[in-house]
Number of protein chains: 2
Amino acid sequence: MIPRTAGAFPVTVDVVALTVRDGALHVLLVERLLDPFRGARALPGGFVLPGESLEQAATRELAEETGVTAPASAATGEATRSGRATAVGQPEWHLEQLRTYGPQDRDPRGPVLSVAYLLLAPAFGLPEAGGDAAAAGWFPVPARDLAFDHDRILADGVERARAKLEYSPLATAFCHEEFTVAELRHVYEAVWGTHLDARNFHRKATGTPGFLEPTGHVTTDGPGRPAELYRLVPGVSPTAAVLHPPILRPAERSA
Amino acid sequence: MIPRTAGAFPVTVDVVALTVRDGALHVLLVERLLDPFRGARALPGGFVLPGESLEQAATRELAEETGVTAPASAATGEATRSGRATAVGQPEWHLEQLRTYGPQDRDPRGPVLSVAYLLLAPAFGLPEAGGDAAAAGWFPVPARDLAFDHDRILADGVERARAKLEYSPLATAFCHEEFTVAELRHVYEAVWGTHLDARNFHRKATGTPGFLEPTGHVTTDGPGRPAELYRLVPGVSPTAAVLHPPILRPAERSA
DNA sequence: AGTGGATATCGTCATTCTGACGACAACGAA
DNA sequence: TTCGTTGTCGTCAGAATGACGATATCCACT
């Protein structure tokens with residue numbers, strides 16, 4: 001019933017996993033153990049297996065190559081096959097499809113379709129290297145000279161994240177469930193590479209309806225006055241919901 | 001070199017072609033001539049052939065199923081194989097990838113990957129039905145009971161278009177090269193389903209830097225005072241560029 | 001020619017939002 | 001107690017917004 005002239009293509013998933021560490025945006029990269037591009041750094045990813053969904057393949061490859069396993073709430077369908085322990089302090093993440101890169105001229109082995117995913121997570125430590133997790137690590141963005149067309153995929157992922165911070169609550173995906181306004185501001189500053197006025201940001205973030213909700217808790221450690229803890233308003237999707245008015249990147253005001 | 005466990009999937013492209021006709025948003029649909037879903041309406045689309053890029057497949061399927069051919073400037077790579085004449089008065093369009101729909105549970109024939117594209121164009125007449133162009137036509141959005149998961153793909157495409165109008169010059173993709181401020185406003189009103197104040201919209205549209213550029217021409221037909229003609233500032237991509245501040249949907253102000 | 005309808009464009013004004021920045025609050029360290 | 005640090009609230013001028021009046025310039029009709 002499917003026409004014989006139709007092509008059948010190998011399909012890979014590649015994951016652009018971003019986090020904010022030490023005030024800067026980082027991406028999760030692995031060192032390739034096999035040709036092509038052996039020894040080069042690349043986005044974690046691999047071939048979709050028969051019967052899998054794209055999201056299942058993305059989480060499976062992430063687990064196999066980096067040891068990072070999905071939190072229970074984000075796991076879709078079957079349990080991951082990796083028996084590795086969950087990464088330290090990694091309670092939740094946000095996974096969304098980025099875009100698909102055409103079958104031609106991107107893999108020396110022939111036509112391969114790649115569906116890229118964007119994963120945003122709070123900073124967490126990686127499991128000890130070894131086993132499947134060969135030389136996985138966080139690298140500052142921008143990273144260069146990645147395998148395949150991963151330079152472009154990474155750039156697309158970073159640009160998606162930058163744009164979405166403006167008009168969605170996606171920045172909270174980089175924070176743990178409870179966070180301070182300053183932590184949220186550091187996310188914006190790291191992703192955009194700009195400086196934001198702490199007082200105006202506080203007013204804007206706490207004043208935007210449908211964004212932040214105080215938990216009643218306060219921080220206890222660190223210097224200075226303790227900060228109130230907030231969470232994303234329950235029921236609000238980090239992707240779909242829209243911030244009105246948006247939080248605009250300051251640099252673009254002069255464009 | 002590609003692992004034997006990797007699956008190979010048939011890949012289709014589906015095109016959500018939107019335009020504004022008679023003040024309302026319309027989508028280009030075809031009637032399926034073959035099973036599955038024979039007789040049902042569906043988005044134009046079909047299988048990617050070996051050697052094709054995704055965009056090539058999208059424009060080819062569009063030409064085969066609806067007779068609509070790409071303008072010269074938008075044609076990517078090889079010429080379309082359809083010898084059909086170009087659609088009446090259809091000078092340019094905007095084509096961008098929407099998203100990819102996973103291989104499972106969306107085609108009764110088995111796992112099929114579908115890469116959806118979003119096409120925005122000024123209103124234009126369709127070629128006479130016949131040949132490949134079987135019962136292609138414009139239908140008001142929302143359309144219901146489409147084949148496969150095309151209801152969802154259409155909804156995703158419409159939502160993408162609605163969101164992008166706010167912070168990008170994408171609305172100009174629904175207009176011809178030269179257009180009036182009122183025509184541009186009608187696009188926003190049709191896509192968003194809202195009413196916009198003509199005077200405030202004029203001030204906002206003409207006052208936003210990097211958006212509109214007067215051509216010096218004026219309209220000559222129709223009742224009322226002739227309107228000045230504008231074009232999108234040359235060099236500005238309808239997708240990538242960002243409007244600051246954005247043009248926000250009025251209904252959401254109360255959210 | 002004159003009038004009226006229709007559409008385009010400009011102007012006004014109160015309200016809200018934004019960016020810059022001062023002031024104070026609440027902690028730990030010296 | 002004093003000081004440095006960080007968080008939170010206020011103030012104020014300028015910009016942006018929404019509502020809407022006023023004027024410009026066409027066509028159709030008398």
Side-chain angles (χ1 to χ4, degrees), chain A residues 23 165-167 175 178-189 192 194-231 242-255, chain B residues 23 165-167 175 178-189 192 194-231 242-255:
Chain A
L165 287 203
E166 291 196 329
Y167 55 92
C175 301
E178 296 195 358
F179 50 86
T180 68
V181 176
E183 288 169 356
L184 189 66
R185 176 167 49 87
H186 294 324
V187 168
Y188 279 88
E189 291 176 332
W192 287 346
T194 61
H195 171 75
L196 299 174
D197 183 87
R199 295 155 292 186
N200 291 337
F201 182 86
H202 188 278
R203 176 182 60 192
K204 180 78 180 248
T206 56
T208 297
F211 191 18
L212 301 187
E213 181 184 72
T215 65
H217 307 155
V218 294
T219 54
T220 56
D221 58 334
R225 172 176 168 176
E228 292 190 38
L229 288 166
Y230 292 84
R231 73 168 70 91
V242 180
L243 297 184
H244 280 269
I247 301 174
L248 297 180
R249 284 177 265 194
E252 295 180 296
R253 306 282 309 186
S254 60
Chain B
L165 288 203
E166 291 196 330
Y167 56 92
C175 300
E178 297 196 358
F179 51 85
T180 68
V181 176
E183 287 169 356
L184 188 66
R185 176 166 49 87
H186 293 325
V187 168
Y188 280 87
E189 292 177 330
W192 286 346
T194 62
H195 171 75
L196 298 175
D197 184 87
R199 296 155 293 187
N200 291 336
F201 182 86
H202 188 278
R203 176 183 61 193
K204 179 76 182 244
T206 57
T208 297
F211 191 19
L212 300 187
E213 181 183 74
T215 65
H217 306 154
V218 294
T219 55
T220 56
D221 59 333
R225 174 175 167 177
E228 291 190 39
L229 288 166
Y230 293 82
R231 72 168 71 90
V242 180
L243 297 185
H244 280 269
I247 301 175
L248 297 180
R249 284 177 265 192
E252 294 180 296
R253 308 281 309 186
S254 60

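Note on naming: letters A, B, ... go to the chains in the order of the sequence lines (proteins, then strands), and numbering restarts at 1 for each one.
Aromatic ring centroids of B:Tyr188 and B:Phe201 lie under 6.0 Å apart.
Distances shorter than 4.0 Å separate some side-chain N or O of B:Lys204 from OP1 or OP2 on D:dT17.
Counting to the nearest Å, the C1' atom of D:dG18 and the CD1 atom of B:Ile247 are 15 Å from each other. Taking atom CD of residue A:Glu228 and atom P of nucleotide D:dT6, one finds them 18 Å apart after rounding to whole Å. Taking atom CZ on B:Arg185 and atom P on C:dA8, their separation rounds to 7 Å, with Å as the unit. Rounded to a whole Å, the CG atom of B:Leu248 is 12 Å from the P atom of C:dC17. Rounded to a whole Å, the CG atom of A:Leu229 is 11 Å from the P atom of D:dG7. As a whole-Å value, the separation of B:Leu212 CG from C:dT9 C1' is 14 Å.
For the segment residues 196-203 of chain B, residues with any heavy atom less than 4.0 angstrom from an atom of DNA chain D are, sorted by number, B:Asp197, B:Arg199, B:Asn200, B:Arg203.
Between A:Tyr167 and B:Tyr167, the two ring planes are parallel [angle under 30°; tilted spans 30° to 60°].
Although no hydrogens or angles enter the test, the distance criterion places a donor-acceptor pair under 3.5 Å between the side chain of A:Thr219 and the main chain of A:Ala227. Although no hydrogens or angles enter the test, the distance criterion places no donor-acceptor pair under 3.5 Å between the side chain of B:Glu189 and the main chain of B:Gly23.
Applying the salt bridge (charged side-chain N to carboxylate O under 4.0 Å, His left out) test to every pair with at least one member in residues 212-221 of chain B, sequence neighbours left out, gives these pairs: B:Glu213-B:Arg231.
A:Leu184 has its side chain within reach of A:Phe211: a pair of non-hydrogen atoms, C-beta onward, lies under 4.5 Å apart.
Separating the OG1 atom in B:Thr180 from the OH atom in B:Tyr230 is a distance of 9.5 Å, to the nearest 0.5 Å.
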| task | Would you give a per-nucleotide map of nucleotides 24-30 of chain D, 5' to 3', where B means the base has a protein non-hydrogen atom under 4.0 Å away, S means only the sugar-phosphate does, and - means neither? | result | BBBS---
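For the side chain to side chain contact (heavy atoms under 4.5 Å, CB included) criterion with A:Lys204, the lone passing option out of A:Asp197, A:Leu248, A:Ile247 is A:Ile247.
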